[in-house]
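What follows is a set of notes on a single structure, which appears directly below.
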Amino acid sequence: MKVTPASVTLLVVAALHDLCVAVPAKRDDTSIPTDIQILNFALTLEHLENAFYTQGLQKYTQQDFLDADLPTWARGRWNEIAQHESTHVSFLEGVIGEQAVQPCTYSFPDTDPISFVTTSFMLETVGVSAYSGAAQFLSQSDYITSSGAILAVEARQSAWINSAVLKANPWNTAFDTPLSLNHVWTLASGVIVSCPSSNMPLPVKAFPALSFPAGAQPGQTVQVSFNATTVPSVPPQLYVAFIAGLGATFVPLSSENTVEIPSTLLGVVFPIITSSSTAVTDNVTIAGPAFLSFHFNSDGEDEL
């Protein structure tokens, strides 16, 4: 099974050739959110996950899971994950107090148990990137410690889904991928219909969505799709930054919006369209991220 929904930080890889260079990506955005804003950002994501599992487990019975050839024990584990997310919501609400944001209205893409599984994997993986990317903005040690404890559970859940259920790699590289607040929000906003007007405004914005063809794999040249209004009438050279771990691989985007996916990529990758060949900061982001998952075996080889 391959995971191809739509999601960031950085993978340092060897240069593929003179048009495809892997370099540490610059991340020097200067705005500094408050602790409460960051906690409410986390709570917004936990509300989303909590709603996804509540709705999904109401839709799909144990027999539905079995009919989809999922293990007999799988749904029980998702019940446990659902309890974890509910606990995270309650915990963050208790920490934030009266300023805690309320749940939004959502439209999730799952239509059967298998798409429930792959969406769950994407949400948990993006959750890990969200917590690791947002940690830099927290100033109180208690908040940092508790966020780290939640991050670890999200990471365990993501690894369990991809390895025990999807029979693929339980991790990506030696480093996971921290995402910027806006890159996370771009992914999350894809399933958020509306939020209560009484909620505290979050210091985030969504970039235009970026999509890759279903089944896209490393080494292929594919045409990507995005609808960006910020590209000048005479645009500069655009790049696709394939973000994973602690670095990004930058590949020029052709005038026909085609790009060669680097053959060295493994695991979860977050590509964005950028006007820079060295940076993945918000000021040069044109669209994305998208969410790609390139499964690999215990020998580090692609599993198509």
Side-chain angles (χ1 to χ4, degrees), residues 3-8 33 36-60 64 78 81-82 84-90 92-93 96 98-131 133-134 150 154 157-158 161 179-212 214 225-230 270 272-273 282 285-292:
V3 183
T4 56
S7 25
V8 76
I36 293 300
Q37 286 177 317
I38 292 300
L39 293 177
N40 263 323
F41 175 73
L43 177 57
T44 299
L45 300 178
E46 295 294 346
H47 276 313
L48 187 157
E49 290 180 320
N50 187 40
F52 172 73
Y53 291 118
T54 298
Q55 294 176 23
L57 291 172
Q58 289 174 348
K59 288 189 291 186
Y60 311 123
D64 292 330
W78 263 290
I81 291 175
H84 294 166
E85 305 305 346
S86 177
T87 300
H88 294 165
V89 167
S90 299
L92 288 170
E93 287 177 333
I96 299 169
E98 294 182 354
Q99 297 184 75
V101 295
Q102 298 302 305
C104 300
T105 302
Y106 313 97
S107 178
F108 297 112
D110 60 299
T111 56
D112 53 41
I114 295 301
S115 57
F116 170 84
V117 171
T118 56
T119 302
S120 173
F121 173 61
M122 184 185 72
L123 293 179
E124 296 298 327
T125 304
V126 173
V128 173
S129 294
Y131 274 98
I150 294 175
E154 303 280 347
Q157 292 171 172
S158 172
I161 296 166
L179 288 166
S180 76
L181 300 183
N182 288 336
H183 286 153
V184 171
W185 189 249
T186 299
L187 294 168
S189 64
V191 299
I192 296 176
V193 176
S194 63
C195 294
S197 59
S198 58
N199 279 358
M200 168 187 288
L202 298 176
V204 293
K205 66 176 182 180
F207 295 110
L210 170 65
S211 62
F212 277 64
S225 176
F226 61 97
N227 184 24
T229 58
T230 57
F270 300 99
I272 65 169
I273 305 297
D282 291 343
T285 296
I286 303 297
F291 181 97
L292 302 176

With side-chain contact (heavy atoms from CB on, under 4.5 Å) as the test, would you mind laying out the steps for Y106 and I192 before giving the verdict?
CA-CA 5 Å; Y106 313 97; I192 296 176; 4.1 Å; yes
Could you tell me the separation between the OG1 atom of T119 and the CZ atom of F52, rounded to the nearest 0.5 Å?
5.0 Å
Judged by atom type as modelled, is there a donor-acceptor pair below 3.5 Å linking the side chain of D64 to the main-chain atoms of P113?
no
Derivation and outcome, side-chain contact (heavy atoms from CB on, under 4.5 Å), residues N182 and T285:
CA-CA 10 Å; N182 288 336; T285 296; over 6 Å; no
Compare every heavy atom of Q99 with every heavy atom of N40, then report the nearest pair and how far apart it is.
ND2-O, 3.0 Å
Grab the two heavy atoms, one from I161 and one from S120, that are nearest each other, plus how far apart they are.
CD1-OG, 3.1 Å
Do you know the tightest heavy-atom contact between A209 and A287?
O-CB, 4.3 Å
Which distance, rounded to the nearest 0.5 Å, do you find between the CD1 of I81 and the CG of L57?
9.0 Å
Gap separating the CE atom of M200 from the CD1 atom of I96, nearest 0.5 angstrom
8.0 Å
Ion pair K205/D282, N-O distance below 4.0 Å
no
Can you tell me how far apart CG (L45) and CG (N50) are? Round to the nearest 0.5 Å.
12.5 Å
Atom of L181, atom of P33 and distance for their closest heavy-atom approach:
CD1-CG, 3.7 Å
Before you tell me yes or no, could you show the steps for Q157 and E85 under side-chain contact (heavy atoms from CB on, under 4.5 Å), namely the whole-Å CA-CA distance, both residues' side-chain angles and the distance that decides it to 0.1 Å?
CA-CA 11 Å; Q157 292 171 172; E85 305 305 346; 3.1 Å; yes
Check I272 against G288 and note the closest heavy-atom contact, atom names and distance.
CG2-C, 4.0 Å
So which atom in A290 and which in F212 form the shortest heavy-atom distance, rounded to 0.1 Å?
CB-CD1, 4.2 Å
N/O donor-acceptor pair under 3.5 Å between T186 side chain and F207 backbone
yes
First locate atom NE2 of H88, then atom CD of E154, and finally report the distance between them rounded to the nearest 0.5 Å.
5.5 Å
Go through Q55 and F108 one step at a time and tell me if the side-chain contact (heavy atoms from CB on, under 4.5 Å) criterion holds.
CA-CA 9 Å; Q55 294 176 23; F108 297 112; 3.6 Å; yes
With rounding to the nearest 0.5 angstrom, report the CD to CD1 distance, E46 to I150.
5.5 Å
Under 3.5 Å, side chain of S90 to main-chain N/O of T87, donor-acceptor pair present?
no
Donor-acceptor pair, side chain of S86 and main chain of A82, under 3.5 angstrom
no
Heavy-atom check, side chain of W185 versus side chain of F41, under 4.5 Å:
yes
P208 versus I286: any side-chain heavy-atom pair under 4.5 Å?
no
Can you find a pair of side-chain heavy atoms, one from S158 and one from F121, that are under 4.5 Å apart?
yes
For the backbone of V101 and the side chain of H47, can you confirm whether one donor and one acceptor N or O come within less than 3.5 Å of each other?
yes
